[in-house]
Amino acid sequence: MEVGLMQRQWVEYTKSLFLEDFLDSQFIELQKLQDEGNPDFIVEVVSLFFEDSERLLNDLTAAFDQPDVDFQKIDGHVHQLKGSSSRCLRCLQQLKQETCLVKNKLENLFRMEQQIVAAGGSIPATELIF
């Protein structure tokens with residue numbers, strides 16, 4: 001595939017991620033920190049975030065699966081989850097689904113970037129003006 005076409009697809013996909021609120025200005029700030037010396041900076045930062053998030057979500061799921069749920073322990077991990085255990089569990093399940101969705105979308109974005117670079121192109125600058 002032609003580099004120019006891949007770059008246009010990347011720009012359109014990135015725009016859609018901003019419009020759907022999967023990306024925000026922090027993504028642009030991360031891009032500013034990435035340079036030729038560390039071309040995988042954003043991928044590494046996002047990967048660490050998802051590793052930590054998945055571990056936390058797994059820990060919370062395990063805590064809810066206990067016969068005697070330790071709500072004080074859960075509150076220590078995620079103080080924003082309130083209400084009954086069933087409500088918290090629903091919130092946790094929704095959070096897990098949304099985390100998976102965001103992860104898949106960003107992995108797709110990073111795959112597109114790798115294809116552009118492999119074809120000899122560069123990643124276009126991202127702007128918040130759509």
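What you see below is based on every heavy atom in this structure, not just the backbone, and it leaves out hydrogens, waters and symmetry mates.
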Side-chain heavy atoms of [X] within contact of [Y], under 4.5 Å:
X: L109; Y: F22; result: no
X: I42; Y: F27; result: yes
X: Q114; Y: V43; result: no

_Qualifying residues under side-chain contact (heavy atoms from CB on, under 4.5 Å), relative to N104, sequence neighbours excluded_ = C100, E107

Distance from [X] atom [atom1] to [Y] atom [atom2], nearest 0.5 Å?
X: M112; Y: E12; atom1: CE; atom2: CD; result: 9.5 Å
X: E44; Y: F110; atom1: CD; atom2: CZ; result: 10.5 Å
X: L106; Y: L23; atom1: CG; atom2: CG; result: 5.5 Å
X: L101; Y: K103; atom1: CG; atom2: NZ; result: 12.5 Å
X: T14; Y: Q31; atom1: OG1; atom2: CD; result: 7.5 Å
X: L17; Y: K105; atom1: CG; atom2: NZ; result: 6.0 Å

*asked:* Quick check on Q66: does its CD atom have over 12 non-hydrogen neighbours (other residues, nucleotides or ligands) under 6.0 Å away?
replied: yes

Shortest non-hydrogen separation from [X] to [Y] and the atoms involved:
X: W10; Y: E113; value: NE1-CG, 3.0 Å
X: M6; Y: A119; value: CE-CB, 3.1 Å
X: F18; Y: D24; value: CE2-O, 3.3 Å

*Keeping the roles fixed (side chain from Q7, backbone from I116), state whether a donor-acceptor pair exists under 3.5 Å.*
no

*Same apolar cluster: V102 and L48, side chain cutoff 4.5 Å*: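 Different clusters.
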
